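Heads up: the structure comes next, in structure tokens.
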Amino acid sequence: MGNNLLERLLVPAIIVVGVIIIDSSRSQTDIKEKIHDFIENVYLPASNITALGLSVVQITGNEGELVYSTGYGYADLEKLIPNGNETQFLVGSITKSLTSSVVVKTLSEKWPELGEAVLDTPIRKLILNYNFTLIDRFRSEHATFRDLLSHRLCIFRDDLQLIAEPFNTVAEITYRLRYQEEICGVRTEYQYNNQMYVVAGELIGLIANQSYENLVLDLLTQIGMLDSAFVQRTDDFPNMDFRAKPYYVMDNISYPMNTELLKRLTLSVSAGGLFTTPNDMIKYMQFHLNLGRVKEVQIIPEDAMRWLRKPAIHVPSLGFKHATDEKIADVFAYGLGLRLGTYDGWQYIQHTGYFPPYYSHMSLFPDLKIGIFTTTNQGPVEVDSLVLHTFIFETLRGTENAVEKAMQNWKEIKTKSRKAYNEREKAFSEVLLQSKKPEIHQSFKNIVGNYGSGGSGDLEVLEKFNNITNTTALYMRYGKWAKGWLEEVGNDMYKIIWDTDIIQDYYAAGERDSGNYAVIRNGNLEFVQSAFEGLILPFLGNFKLGVSLETLPTIPWDSDSCGIDSE
């Protein structure tokens with residue numbers, strides 16, 4: 001996939017609309033030209049994407065400052081609207097660093113006498129009138145903002161909830177968190193969890209006595225990010241020509257995604273719902289590189305900004321290496337809304353953001369005062385953005401073989417990704433082979449009914465006539481989007497054939513189908529997925545027949561279990 005689509009779409013669409021603010025030195029002009037040439041002649045032809053947004057910052061002290069933001073391609077293929085540095089893209093989980101910034105700003109202002117210890121003070125002590133309840137008493141009474149923002153509470157990550165949209169309010173999401181199961185011991189492992197940022201957004205709003213959204217908008221205004229906004233229910237995407245439209249690619253053809261799918265983020269904006277521009281990201285990266293200072297104004301105290309960069313939990317290595325074992329990049333820890341690591345010996349701070357099909361990547365190198373941001377609105381992306389970030393970083397620091405390093409990185413990423421994919425497929429194929437279709441099928445009457453999960457909500461399985469097969473079949477309904485037919489593939493295992501535009505999420509990821517299955521037996525319905533860490537795992541949710549919120553205890557743990565007063 002790539003060359004044919006490139007000839008028909010990307011080559012005619014290579015339009016550059018940008019602003020370059022640099023000093024008059026020849027070296028910075030050369031840098032800009034090298035970056036532009038690499039993107040236009042190497043990265044875009046190989047990546048197979050509709051539009052690319054780029055921001056580059058290099059603060060060079062007495063020598064001046066390089067500030068470069070631009071756009072390539074089209075923000076809207078149907079209307080042929082050029083993509084520029086004022087085009088809004090959804091940045092997904094990069095929003096988490098913004099949420100963390102708002103949290104440390106608010107906490108440092110509210111309890112200045114506590115200093116950094118405020119992050120480790122139990123939330124129940126900071127908000128006395130808020131009933132913060134999780135799966136056990138210890139978590140409920142000990143959980144802190146550092147726990148929430150560094151993904152170390154180790155409770156079940158419910159991404160199916162994020163894409164299915166079963167709830168109508170943030171309050172219901174946060175209430176139901178009490179029923180999400182423990183995955184590992186508190187603060188023992190890094191377990192990424194979007195719902196923790198939903199909670200953090202609601203809690204910091206309660207502390208400040210105003211909404212999370214207003215807190216963020218105030219910070220954005222102080223930074224100067226005036227063209228940024230959260231996704232909203234009222235967004236009229238077809239008429240928002242300043243916003244990059246979402247696309248997925250199949251068989252080398254680009255298709256527009258249903259923009260209503262983006263509104264699923266309205267209940268989790270603090271985890272990933274920010275639209276922003278390359279121009280605004282210039283200001284955001286300057287804000288971080290200058291430790292909370294904008295021009296002469298210290299918006300957030302330096303000490304509080306450093307809290308964001310302090311390792312809070314170990315992250316399994318995400319590094320890539322040359323064939324000679326020279327380490328390219330390695331993320332080793334998570335701070336507050338930021339991943340922390342090294343690149344060729346330099347401190348490396350980064351975060352990516354993905355919500356189908358938008359993919360964004362922010363890299364910060366504090367010691368060198370370098371910031372790089374890229375974003376796109378189409379999936380799948382054929383070349384990892386780390387390749388482009390590698391090239392830009394090496395170019396900024398004057399490496400002669402920047403292209404060679406970037407291309408080597410590309411080969412290593414492809415090799416590692418291909419190996420991981422093959423291992424996942426082999427593992428799942430073995431599971432399916434062991435689960436042959438039964439001669440006697442389960443009776444529909446043993447399967448149909450209302451299922452529930454305290455953390456994930458309500459789900460229904462019913463009999464329904466399928467007009468395509470002209471037979472009565474099992475049909476599942478969960479939330480607004482997770483609806484589909486259940487096709488039996490083995491003992492108690494059913495492949496989910498999605499019946500809504502939720503399938504576009506998987507197309508944007510390069511999959512022909514979702515790879516989602518339901519295992520239904522003994523009154524339990526368990527979601528599993530074929531391609532997850534080489535295993536078939538119930539990581540998408542577990543529902544039980546006859547369970548609802550009304551059947552569950554308000555407090556999910558015993559009154560005599562461990563808590564603060566039993567230390």
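Keep in mind the model is a prediction, meaning the values are calculated, not measured. Below, all heavy atoms of this structure are taken into account, side chains as well, without hydrogens, waters or symmetry copies.
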Answer with yes or no whether the side chains of [Y] and [X] bring together a donor and an acceptor at under 3.5 Å.
X      : Y      : answer
Thr352 : Arg339 : yes
Asn194 : Lys96  : yes
Asp218 : Gln222 : yes
Tyr179 : Ser456 : no
Asn85  : Thr70  : no
Asn214 : Ser211 : yes
His389 : Ser363 : yes
Thr174 : Glu202 : yes

Sequence neighbours left out, what passes side-chain hydrogen bond (donor to acceptor under 3.5 Å, both in side chains) with [X]? Give chain and number order.
X      : answer
Glu181 : none
Asn131 : Arg124, Thr133
Lys295 : none
Asp227 : none

Could you give me the CA-CA distance, side-chain angles and deciding distance for His36 and Tyr72, then say whether ring pair (Phe, Tyr, Trp, His ring centres under 6.0 Å) is met? CA-CA 10 Å; His36 174 73; Tyr72 295 82; 5.6 Å; yes

Drop me the distance from [X]'s [atom1] to [Y]'s [atom2], to the nearest 0.5 angstrom.
X      : Y      : atom1 : atom2 : answer
Cys184 : Gln191 : SG    : CD    : 4.5 Å
Ser140 : Leu177 : OG    : CG    : 10.5 Å
Leu262 : Gln232 : CG    : CD    : 13.0 Å
Asn239 : Asp236 : CG    : CG    : 4.0 Å
Leu148 : Phe132 : CG    : CZ    : 5.0 Å
Thr376 : Leu388 : OG1   : CG    : 11.0 Å

Presence of salt bridge, [Y] and [X], under 4.0 angstrom:
X      : Y      : result
Lys79  : Asp241 : yes
Asp147 : Arg152 : yes
Arg293 : Glu302 : no

Heavy-atom side-chain contact between [X] and [Y] under 4.5 Å:
X      : Y      : answer
Asn193 : Asp158 : no
Arg176 : Gln161 : no
Val547 : Ser453 : no
Val67  : Gln286 : yes
Val269 : Thr95  : no
Phe391 : Val387 : no
Tyr248 : Pro380 : no
Phe393 : Tyr343 : yes

If I compare all heavy atoms of [X] with all of [Y], which pair ends up nearest, and what's the gap?
X      : Y      : result
Gly371 : Met285 : C-SD, 3.5 Å
Ser228 : Asp280 : OG-OD2, 2.7 Å
Leu340 : Lys310 : CD1-C, 3.8 Å
Asn83  : Leu52  : ND2-O, 2.9 Å
Ser150 : Ile313 : O-CG2, 3.3 Å
Ser97  : Leu338 : CB-CD2, 3.7 Å

Quick check, are the ring centers of Tyr334 and His351 under 6.0 angstrom apart?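 Yes - the distance between ring centres of Tyr334 and His351 falls below the 6.0 Å cut-off.
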
Is the distance between the ring centroids of Phe230 and Tyr212 under 6.0 Å? yes

Classify the ring geometry of [X] against [Y]: parallel below 30°, tilted from 30° to 60°, perpendicular beyond 60°.
X      : Y      : answer
Tyr359 : His361 : perpendicular
Trp498 : Tyr506 : parallel
Tyr478 : Phe543 : perpendicular

Start with the C-alpha distance between Phe145 and Leu126, add both sets of side-chain angles, then the distance that settles side-chain contact (heavy atoms from CB on, under 4.5 Å), and finish with yes or no. CA-CA 10 Å; Phe145 272 103; Leu126 297 177; 4.0 Å; yes

Ser93 and Tyr197: side-chain hydrogen bond (donor to acceptor under 3.5 Å, both in side chains), yes or no, with the steps? CA-CA 10 Å; Ser93 288; Tyr197 271 78; over 6 Å; no

side-chain contact (heavy atoms from CB on, under 4.5 Å) involving Pro357 - partner list, sequence neighbours excluded: Pro246, Met257, Ala508

Is the side chain of Asn290 donor-acceptor paired with the backbone N or O of Gly292 at a distance under 3.5 Å, no angle test?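 The answer is no, because no donor-acceptor pair under 3.5 Å joins these two groups.
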
Can you confirm if the NZ or CZ of Arg477 lies within 45° of the ring axis of Tyr475 and under 6.0 Å from the centre of its six-membered ring? no

Is it possible for you to check whether Arg243 lies under 6.0 Å from the centre of the six-membered ring of Phe275, through NZ or CZ, and within 45° of that ring's axis?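 Yes, a cation-pi geometry holds between Arg243 and Phe275.
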
Working for ring pair (Phe, Tyr, Trp, His ring centres under 6.0 Å), residues Tyr255 and Tyr247: CA-CA 5 Å; Tyr255 297 94; Tyr247 296 91; 9.7 Å; no

Of all residues at least two apart in sequence or in a different chain, which pass the salt bridge (Lys or Arg N to Asp or Glu O under 4.0 Å) check with Lys110? none

Greater than 12 external heavy atoms within 6.0 Å of Lys369's NZ: yes

Intermediate values then yes/no, salt bridge (charged side-chain N to carboxylate O under 4.0 Å, His left out), Lys483 and Asp501: CA-CA 10 Å; Lys483 302 175 183 179; Asp501 283 342; over 6 Å; no

Leu77 and Tyr74: side-chain contact (heavy atoms from CB on, under 4.5 Å), yes or no, with the steps? CA-CA 6 Å; Leu77 283 173; Tyr74 287 108; 4.1 Å; yes

Are Arg233 and Asp235 close enough, and set up right, to give a salt bridge (charged side-chain N to carboxylate O under 4.0 Å, His left out), and what steps lead you there? CA-CA 6 Å; Arg233 285 284 174 197; Asp235 283 344; over 6 Å; no

